[in-house]
Number of protein chains: 2
Amino acid sequence: MNYYTISQLAEQFDISTRTIRYYEERGLISPIRTESGQRLYTKKDRAVLKLILRGKRFGFSLEEIHEMISLFDNDRTGRKQLEKTIAYGEQKLKEVTERIEDLMQLKQEMEAILADFRERLQKLEGIE
Amino acid sequence: MNYYTISQLAEQFDISTRTIRYYEERGLISPIRTESGQRLYTKKDRAVLKLILRGKRFGFSLEEIHEMISLFDNDRTGRKQLEKTIAYGEQKLKEVTERIEDLMQLKQEMEAILADFRERLQKLEGIE
DNA sequence: ATTTTAGTTTACGTTTACGTAAAAGTCAAC
DNA sequence: GTTGACTTTTACGTAAACGTAAACTAAAAT
C-alpha cells in the first residue's frame, strides 16, 4: 500500500501540518506511525480528512464532525449500536436536507436581488 | 410602525441579547434608540438578523455576512457601485451554488451508508 | 412608591481552531 | 558524513464569537 506524509496531505488540501495534527489531537484522524514516530496516512485517512474539511465548509464544529465520522467506523457490529447509529444518521441526514432547502431559498433570494440590480444598471445605461 | 425590544428578538431567535449587541458592535445591524437609549428593532432589522443567523448556519464568518448584507443596502446608486455589487453578488451566488452541490453529494453518501447499515441490521434480525 | 424586571455600558473571561516558536530527532541529498 | 529539509512534542499566543459579571438607569408591575 501507499502512504502520504503529513506535509504531502497539507499541500494537497492547502492546510497547515499543524491543522492536521490538531485534528488528530481531537481524535478525528489516527494515522499509523513509523518506527521512528513519523505519521503515515493511508487513502482512508485522506478520505477522512476530506470529509472533515467538507464538514467545516458547512459550518459544522469539529465536535459534530467527529460524531459524523463515527458513522464510517465499521466497528459497530452490535444490534443496539447499529440502531443507535442509524437513528443518529437519520437525524443528521434530516439536518443536511434542511440546510439544502435553506440554501436553495437563499440562492433564489440572491438571484432576485441580482436581477433587480441588473435592471437598475440597464436603466442607468439607457440615460447616459 | 411596530418595534421589537432586544429581548423579544433574542427570544424569537433563541439567542442571547449579548449576541445581538455583538452584531451591532460589528456593524451588522443598526437599531434606532429611544430617548433614554434603549434599542428598538424594526421588521427590517429583524429580517437582517434572520439573514445573519442563516449565514452563520452555512459557516460564513460575520465579516462575510457583513459584506453580503451590504448587498441589501439600497444606497448604492452609482454605476460603478452597481457593477461592483453585481460582480460580488455573482461571486457569492456561485459559492452558494457550489455549496448546494457539495451538500447534495454529502446527502447521497450519507444515504448510501444508512442503507448499508439498515441492511446489516436486517441480517442480524434474520439470525436472531 | 417601591420592588422587580429589563435595558445600558464597560470590561474581563472563555472556547474553538488553529498559528507560531523552540528544542530536538530523522530523513534525503550531495 | 554533514548540510538542509522535514518531523516530532511541548507550549505559549491569537482571532472570532460570544459569555458573564459589575455598576447603573429605565420601565413595568404590584
Side-chain angles (χ1 to χ4, degrees), chain A residues 1-42 45-46 48-70 92 95 99, chain B residues 1-42 45-46 48-70 92 95 99:
Chain A
M1 217 197 264
N2 215 345
Y3 294 107
Y4 304 97
T5 71
I6 192 165
S7 58
Q8 280 171 348
L9 278 192
E11 195 187 350
Q12 284 176 37
F13 292 107
D14 195 31
I15 56 181
S16 73
T17 57
R18 174 68 175 99
T19 297
I20 299 179
R21 291 197 194 95
Y22 180 68
Y23 294 158
E24 184 176 346
E25 264 181 56
R26 299 292 308 273
L28 296 179
I29 194 169
S30 307
I32 59 167
R33 303 286 188 126
T34 67
E35 208 167 309
S36 69
Q38 287 199 19
R39 292 169 175 84
L40 289 183
Y41 299 86
T42 66
D45 290 327
R46 204 191 106 107
V48 168
L49 185 53
K50 205 170 175 180
L51 210 89
I52 296 172
L53 297 176
R54 186 162 56 184
K56 292 228 64 195
R57 284 201 301 280
F58 302 141
F60 290 112
S61 72
L62 289 183
E63 190 52 39
E64 287 177 291
I65 296 170
H66 183 101
E67 285 178 339
M68 294 183 72
I69 283 177
S70 69
K92 281 295 161 189
E95 282 177 38
R99 274 194 200 202
Chain B
M1 217 196 265
N2 214 346
Y3 294 107
Y4 304 97
T5 70
I6 192 166
S7 57
Q8 280 171 348
L9 279 191
E11 194 186 348
Q12 284 176 38
F13 291 109
D14 195 31
I15 57 182
S16 73
T17 58
R18 174 69 174 97
T19 297
I20 299 178
R21 291 197 194 94
Y22 180 68
Y23 294 159
E24 185 177 345
E25 264 181 56
R26 298 293 307 273
L28 294 180
I29 194 170
S30 307
I32 58 167
R33 300 288 186 126
T34 67
E35 211 169 305
S36 68
Q38 284 199 21
R39 293 169 173 83
L40 288 182
Y41 298 86
T42 65
D45 291 325
R46 205 191 104 104
V48 168
L49 184 53
K50 205 169 174 179
L51 210 89
I52 296 171
L53 297 176
R54 185 161 56 185
K56 290 229 66 194
R57 284 201 300 282
F58 302 141
F60 290 112
S61 73
L62 289 183
E63 190 52 38
E64 285 176 293
I65 295 169
H66 184 100
E67 285 177 341
M68 294 183 73
I69 283 177
S70 69
K92 281 296 160 185
E95 281 178 38
R99 276 194 202 204

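So that the names make sense, note that chain A is the first sequence line, chain B the second, and so on, each numbered from 1.
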In whole angstrom, what separates [X]'s [atom1] from [N]'s [atom2]?
| X | N | atom1 | atom2 | value |
| --- | --- | --- | --- | --- |
| Phe60(B) | dA16(D) | CZ | P | 18 Å |
| Lys56(B) | dA16(D) | NZ | P | 12 Å |
| Leu40(A) | dT7(D) | CG | C1' | 11 Å |
| Asp14(B) | dC18(D) | CG | P | 13 Å |
| Leu62(B) | dA15(D) | CG | C1' | 12 Å |

Gap separating the [atom1] atom of [X] from the [atom2] atom of [Y], nearest 0.5 angstrom:
| X | Y | atom1 | atom2 | result |
| --- | --- | --- | --- | --- |
| Thr42(A) | Ile32(A) | OG1 | CD1 | 7.5 Å |
| Phe13(B) | Leu53(B) | CZ | CG | 6.5 Å |
| Asp45(B) | Leu28(B) | CG | CG | 12.0 Å |
| Met68(B) | Ile52(B) | CE | CD1 | 12.0 Å |

Under 3.5 Å between N/O atoms: give me all the protein pairs with nucleotides 4-6 of chain D, atom names plus distance.
none

Looking at Arg26(A), Glu25(A), Arg18(A), which hits side-chain hydrogen bond (donor to acceptor under 3.5 Å, both in side chains) with Tyr22(A)?
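When Arg26(A), Glu25(A), Arg18(A) are each tested with Tyr22(A), the side-chain hydrogen bond (donor to acceptor under 3.5 Å, both in side chains) holds only for Arg26(A).
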Are the side chains of Leu62(A) and Lys56(A) in contact, using a 4.5 Å heavy-atom criterion?
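Yes. Closest side-chain heavy atoms under 4.5 Å.
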Between Gln38(A) and Thr5(A), is there a side-chain heavy-atom distance shorter than 4.5 Å?
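No, too far: nothing below the 4.5 Å cut-off.
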Output yes when a side-chain donor or acceptor of Arg99(A) lies under 3.5 Å from a complementary backbone atom of Phe58(A), and no otherwise.
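Looks like yes, one N/O pair under 3.5 Å.
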Quick check: does any side chain N or O of Glu11(A) sit under 3.5 Å from a backbone N or O of Gln8(A), one acting as donor and the other as acceptor?
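Judged by distance alone, no pair lies under 3.5 Å.
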Closer than 4.0 Å, any side-chain N/O of Ser36(B) to the OP1 or OP2 of dA27(D)?
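Yes, such a contact exists.
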Where does the chain B footprint on DNA chain C start and end, counting 5' to 3' with a 4.0 Å heavy-atom cut-off?
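First-to-last contact on DNA chain C, by the 4.0 Å heavy-atom rule, is dA6(C) to dA11(C).
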Taking the basic N atoms (NZ, or NE/NH1/NH2) and the acidic carboxylate oxygens, is any pair closer than 4.0 Å for Arg39(A) and Glu24(A)?
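Judged by the 4.0 Å cut-off on N to carboxylate O distance, Arg39(A) and Glu24(A) do form a salt bridge.
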If you count heavy atoms of other groups shown closer than 6.0 angstrom to CD of Glu95(B), is the number above 12?
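Count over threshold, so yes.
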Going by number, which of residues 16-34 of chain A have a non-hydrogen atom under 4.0 Å from DNA chain D?
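Those residues are Arg18(A), Arg21(A), Arg33(A).
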